[in-house]
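See structure below.
Count residues from 1 along the sequence.
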Amino acid sequence: QVRLVESGGGLVQAGGSLRLSCAASGGIFSTKTMAWHRQAPGKQRELVAWVTSGGTTMYADSVKGRFTISRDNSKNTVYLQMSSLKPEDTAVYYCYAGFGTWGQGTQVTVPS
């Protein structure tokens, strides 16, 4: 059973940066495609970015050029570096390892 624990959320002014981390345990991390999703108040959860076991990445159009997903298999951790943050990036950010395995989420707030 894979367990995911996110960290790194917080309040940041528009234009600022944050780095989210997601530490995985209980599975073979290096073989998994890992993803970040987010859910803003009153909205559906949406995919933000993913990274495959081989390092291929994909981004939602809304974050391209501003967010970078990466992974460190030696630490069983996936990261989301967020830059040039906007108020519309405000959401709870969730790590996802597939097969219904989600982290508990971490709040990111960018005041307008």
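Within the 4.5 Å cutoff, side-chain heavy atoms of Q104 are placed close to those of E6. Side-chain contact between Q13 and P111: present, with at least one pair of heavy atoms (C-beta onward) separated by less than 4.5 Å. Residues L4 and W102 have side chains not in contact (no heavy-atom distance under 4.5 Å, counting atoms from C-beta outward). A 4.5 Å side-chain heavy-atom check between L20 and T106 finds at least one atom pair inside the cut-off.
For residues 4-108, the pairs satisfying disulfide (SG to SG under 2.5 Å) are C22-C95, with sequence neighbours left out. Sorted by first and then second residue, the side chain to side chain donor-acceptor pair (under 3.5 Å) pairs involving residues 84-99 (not counting sequence neighbours) are R38-D89, R38-Y93, R66-D89.
Counting heavy atoms of neighbouring residues, nucleotides and ligands inside a 6.0 Å radius, atom CG of L47 exceeds 12 of them.
When hydrophobic clusters are built by joining Ile, Leu, Val, Met, Phe, Trp and Tyr residues whose side-chain heavy atoms come closer than 4.5 Å, directly or via intermediates, L80 is grouped together with V51. A continuous path of ILVMFWY side-chain contacts below 4.5 Å connects M34 to V108, so both sit in one hydrophobic cluster. Note: the hydrophobic cluster containing Y79 does not contain V63 (ILVMFWY, side chain heavy atoms under 4.5 Å, direct or indirect links).
The two residues K75 and T77 make their nearest non-hydrogen contact at O-OG1, 2.8 Å. Of all non-hydrogen atoms in W36 and S21, the two that sit nearest each other are CH2-O, 3.6 Å. Annotation for P87 and A14: closest pair CD-CB, 4.3 Å, computed over non-hydrogen atoms. Here the shortest heavy-atom pairing between N73 and F29 reads OD1-CE2, 3.1 Å.
One distance of note links OG1 of T68 with CZ of R19; it measures 11.5 Å at 0.5 Å rounding.
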Check: Can you list the steps and then say if Y59 with I69 is a side chain to side chain contact (heavy atoms under 4.5 Å, CB included)?
Finding: CA-CA 8 Å; Y59 298 92; I69 189 170; 3.5 Å; yes
Next item on the list: Verify side chain to side chain contact (heavy atoms under 4.5 Å, CB included) between Q81 and S70, making sure each step is shown before the conclusion.
Entry: CA-CA 8 Å; Q81 178 68 49; S70 62; over 6 Å; no
Next item on the list: Show your working on side chain to side chain contact (heavy atoms under 4.5 Å, CB included) between T109 and V12 and close with a plain yes or no.
Entry: CA-CA 6 Å; T109 302; V12 61; over 6 Å; no
Check: Should N76 and R71 be marked as a side chain to side chain contact (heavy atoms under 4.5 Å, CB included) after you check the CA-CA gap, both sets of side-chain angles, and the distance that decides it?
Finding: CA-CA 8 Å; N76 285 359; R71 64 192 300 158; over 6 Å; no
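The backbone N or O of G9 lies less than 3.5 Å from no partner atom in the side chain of Q107, so there is not a single donor-acceptor pair. T56 places no side-chain N or O within 3.5 Å of a backbone atom of G54 that could act as its donor or acceptor partner.
For the ring pair (Phe, Tyr, Trp, His ring centres under 6.0 Å) test, no residue two or more places apart in sequence or in another chain qualifies with F67.
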